[in-house]
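What follows is one structure encoded as structure tokens, with my remarks underneath.
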Amino acid sequence: MEPQNLTGVSEFFLLGLSDDPDLQPLLFGLFLSMYLVAMLGNLLIILVISSDPHLHTPMYFFLSNLSLADISISTTTIPKMLVNLQTQSKSITYAGCLAQVTFLSLFAGLESLLLTVMAYDQLVAICHPLHYLVIMNPRLCILLVLASFAVSLLTSQLHYLMMSQLTFCTNVEIPHFLCDPPQLLNLACSDTSTSKILIYFIGTVVGGIPLSGILYSYIRIISSILRVSSSAAKSKAFSTCGSHLSVVCLFYGTGLAVYLSSAVLSSPRKGAVPSVMYTVVTPMLNPFIYSLRNKDIKSTLWRIISRIA
């Protein structure tokens, strides 16, 4: 029997990570804790950078914007998941689902582009240290962030337009804890061939091209470091890049896992597990990666804590 198209879908049902009622309180406590840690860690990074004039440099300017993107990614998805776990409800309105798709695309794309901008910043700092302040002037830094936001906004609007044109069938159950575009395409009754091509195009713009830029930057950086004769200078240069490289591997690694899992795994719900890394674990770990390896941030943070105490 052919599924009947609906003239209008008022809500979807997010099936979440598990149907086991005994696991719901555990999942609620786990995700609430992770969300609070992610929020607190990223807010502290922003507070530390804004409160210390010595940290008003291009690298820390980009880092504070990255923390804002991390906060936004988690806030787009986790609060709704917590509400559904607490109320034992699985519903999300049609408008809420479209909003989640749009904002998640916006902030994930922004984070990807900001990581590319930060790689360029590292490239200039290591390969052109004498001209660093001239090249990475405040005007260019602001333009790079605004350009990243503009590209992300454009791709998020493409996501919105694509999803808003789909016609959905009677089955509106999404085997996920968020409104995932590939899962929504699977539920659609209308032709989705154009939408699938558009998703690959958006993925290339906000994922493939930025990753290529990061790889190019690090090839140039490594080549420049290897030409340095001093082992101490080499160690310092690699240490400078360590935090950013760790965040890049975490972000793109989990992002790649999300898309591969949707294509490889037989159970759609298992594909939701990598998304947990993408939406809450990565934003939670990023502040620790940057603060634990950065003496400037640690010293400023201890100064703020001692002042409060």
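Just so we're clear, the structure is a prediction, and the values are computed from it rather than from any experiment.
- Judged by distance alone, with hydrogens and angles left aside, the side-chain atoms of N286 form no donor-acceptor pair with the main-chain N or O of P283 at under 3.5 Å.
- At a threshold of 4.5 Å between non-hydrogen side-chain atoms, the residues I92 and E11 do not count as touching.
- Side-chain atoms of S156 do not come within 3.5 Å of backbone N or O of L106 as any donor-acceptor pair.
- Judged purely by atom type and a 3.5 angstrom limit, S112 has no side-chain atom pairing as donor or acceptor with the backbone of G109.
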Checking T116 against L211 for the side-chain contact (heavy atoms from CB on, under 4.5 Å) test, could you report, in this order, the C-alpha distance in whole Å, the side-chain angles of both residues, the deciding distance, and whether it holds? CA-CA 7 Å; T116 310; L211 183 58; over 6 Å; no
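- With hydrogens and angles disregarded, no donor-acceptor distance shorter than 3.5 Å links the side chain of T300 to the backbone of I297.
- Judged purely by atom type and a 3.5 angstrom limit, S190 uses its side chain to pair as donor or acceptor with the backbone of T167.
- Under the 3.5 Å distance criterion, with hydrogens and angles disregarded, no donor-acceptor pair is assigned to the side chains of R220 and S224.
- Under the 4.5 Å side-chain criterion, counting only non-hydrogen atoms from C-beta, F12 is in contact with L184.
- Of the possible donor and acceptor atoms, one in the side chain of H56 sits under 3.5 Å from a partner among the backbone N and O of I49.
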After noting the C-alpha distance and the side-chain angles of Y35 and T75, does the key distance pass the side-chain hydrogen bond (donor to acceptor under 3.5 Å, both in side chains) rule? CA-CA 8 Å; Y35 177 65; T75 303; 3.0 Å; yes
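- Between Y94 and M163, the shortest heavy-atom distance links the atoms OH-O, 4.1 Å.
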One pair to check against side-chain contact (heavy atoms from CB on, under 4.5 Å): I199 and L185. What are the steps and the verdict? CA-CA 10 Å; I199 280 185; L185 290 179; 3.4 Å; yes
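- Taken from CZ in F61 to CG in L66, the straight-line distance is 12.0 Å, to the nearest 0.5 Å.
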Kindly determine whether Y218 and H244 satisfy ring pair (Phe, Tyr, Trp, His ring centres under 6.0 Å), including the steps that lead there. CA-CA 11 Å; Y218 273 102; H244 178 261; 5.7 Å; yes
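- Distance CG/L98 to OG1/T102: 6.0 Å, rounded to 0.5 Å.
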For a side-chain contact (heavy atoms from CB on, under 4.5 Å) check, start with the C-alpha distance between S148 and V117, then their side-chain angles and the critical distance, and finish with the verdict. CA-CA 8 Å; S148 299; V117 170; 3.7 Å; yes
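- Once rounded to the nearest 0.5 Å, the distance linking CG of L198 with CD of Q165 reads 11.5 Å.
- Minimum heavy-atom separation, M136 to V124: CG-CG1, 4.0 Å.
- S212 places a side-chain N or O within 3.5 Å of a backbone atom of G208 that can act as its donor or acceptor partner.
- Of the N and O atoms on the side chains of Y132 and D121, at least one donor lies less than 3.5 Å from an acceptor on the other residue.
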Set out, in order, the CA-CA distance, both residues' side-chain angles and the distance that settles side-chain contact (heavy atoms from CB on, under 4.5 Å) for K90 and L15, then state yes or no. CA-CA 6 Å; K90 296 180 182 293; L15 300 184; 4.2 Å; yes
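- Residues I126 and C241 meet the side-chain proximity criterion, which asks for heavy atoms closer than 4.5 Å.
- Interatomic distance, CG of L166 versus CG of L161, reported as 11.0 Å (0.5 Å rounding).
- In terms of modelled atom types and a separation under 3.5 Å, the side chain of D70 and the main chain of A38 share no donor-acceptor contact.
- No close placement of the F13 and H176 rings is indicated, their centers lying 6.0 Å or farther apart.
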